[in-house]
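Below is one structure, written out as structure tokens; comments come after it.
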Amino acid sequence: VVHAPPGDTDAAACALAADLPAGCPPVPGVEGPAPVSSLVAARLAEASGRRTRVERRQLLYELRAVRTPVPAEGRLRVATQADAPLVAQWWHSSSLAAFGRADLAESERAAHRYVALCDLYIWDVGRPVSMAVKTAPTPTGITVARVFTPPEERRNGYAAACVAELSRLLLA
């Protein structure tokens, strides 16, 4: 994930590419504002002899207030280690859905990492039915990501309720 204030981003991108150690595994992707991420990806490609391609374009939204969605039963809670195996399955499924590929071992590592950090939240109706992660904190914001509800639990408002409550918590 890259970001750069206005200025000489080309010099920063070249320095970043040059600072990667020899034998470092290839960088799998670059995320950030298009002008900066494209430049960094190009410099990394030049340094490694690889090519780049745009895989997806995303937008960022600023949330200042939460509109309460249609109420869904349940409550928001922080995921526990007991939730980690289920969260790993959901993480894997969400990676498959979003990217067309997933690594189960990486999904397990991510689930345990976010659970241990208390950054993963569950919408619970007596059982977990949806999840969301708070991530990428900055001095002025934070991201809600990896929102997932398994197919059999969709269309009940669980993800909307989970994101709304987590957003309300983060804004507070």
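As a basis for the values below, the full set of heavy atoms in this structure was taken, side chains included, without hydrogen atoms, waters or symmetry mates.
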Show which side-chain atoms of residues 109-122 pair as donor or acceptor with protein atoms under 3.5 Å away, not counting sequence neighbours.
| from | atom 1 | to | atom 2 | distance (Å) |
| --- | --- | --- | --- | --- |
| R109 | NE | E106 | OE1 | 3.3 |
| R109 | NH2 | E106 | OE1 | 3.2 |
| H112 | ND1 | Q81 | OE1 | 3.1 |

**Request:** Taking salt bridge (Lys or Arg N to Asp or Glu O under 4.0 Å) as the test, write out the residues that go with R75, two or more places apart.
**Result:**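 R75 satisfies salt bridge (Lys or Arg N to Asp or Glu O under 4.0 Å) with no other residue.
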So, using side chain to side chain donor-acceptor pair (under 3.5 Å) as the criterion, who are the partners of [X] when residues are at least two apart?
| X | value |
| --- | --- |
| E62 | R64 |
| R101 | none |
| T149 | S130 |
| D83 | R77, T80 |

Minimum heavy-atom distance [X]-[Y], with the two atoms named:
| X | Y | result |
| --- | --- | --- |
| P85 | A82 | CD-O, 3.6 Å |
| T143 | A136 | OG1-CB, 3.8 Å |
| V144 | A132 | CG1-CB, 4.2 Å |
| L171 | L63 | CD2-O, 3.6 Å |

Is there a side-chain contact between [X] and [Y] (heavy atoms, below 4.5 Å)?
| X | Y | result |
| --- | --- | --- |
| I142 | T135 | no |
| S107 | W90 | no |
| R53 | R51 | no |

**Verdict with supporting geometry, L170 and K134, side-chain contact (heavy atoms from CB on, under 4.5 Å)** = CA-CA 8 Å; L170 296 174; K134 69 175 184 177; 3.7 Å; yes
Linked, directly or transitively: [X] and [Y] (ILVMFWY side chains, under 4.5 Å):
| X | Y | value |
| --- | --- | --- |
| L76 | Y158 | yes |
| W123 | L86 | no |
| V36 | V30 | yes |
| V87 | F99 | no |
| M131 | V78 | no |

**Message:** Checking N156 against V129 for the side-chain contact (heavy atoms from CB on, under 4.5 Å) test, could you report, in this order, the C-alpha distance in whole Å, the side-chain angles of both residues, the deciding distance, and whether it holds?
**Reply:** CA-CA 10 Å; N156 292 306; V129 293; over 6 Å; no
**Request:** Run the numbers on E153 and R127 for side-chain contact (heavy atoms from CB on, under 4.5 Å), then give the verdict.
**Result:** CA-CA 11 Å; E153 301 291 356; R127 68 188 187 287; 3.1 Å; yes
**Asked** Does W91 offer a backbone N or O that forms a donor-acceptor pair with the side chain of S94 under 3.5 Å?
**Response**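 Yes, because the side chain of S94 sits within donor-acceptor range (under 3.5 Å) of the backbone of W91.
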**Message:** Keeping T138 on the side-chain end and T140 on the backbone end, is there a donor-acceptor pair under 3.5 Å?
**Reply:**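 Pair found, side chain donor or acceptor close to backbone of T140.
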**Prompt:** Which is it for C162 and V147 under the side-chain contact (heavy atoms from CB on, under 4.5 Å) test, yes or no, and what are the steps along the way?
**Reply:** CA-CA 8 Å; C162 184; V147 178; 6.0 Å; no
**Request:** Any chance you could measure Q89, atom CD, to F148, atom CZ, to the nearest 0.5 Å?
**Result:**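 CZ of F148 is found 10.0 Å from CD of Q89.
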**Request:** Answer yes or no: is there an ion pair linking E152 with R154, defined by an N-O contact shorter than 4.0 Å?
**Result:**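 Judged by the 4.0 Å cut-off on N to carboxylate O distance, E152 and R154 do not form a salt bridge.
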**Request:** Indicate whether the side chain of R146 and that of S95 have a donor and an acceptor atom separated by less than 3.5 Å.
**Result:**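 Note: R146 and S95 side chains meet the donor-acceptor criterion.
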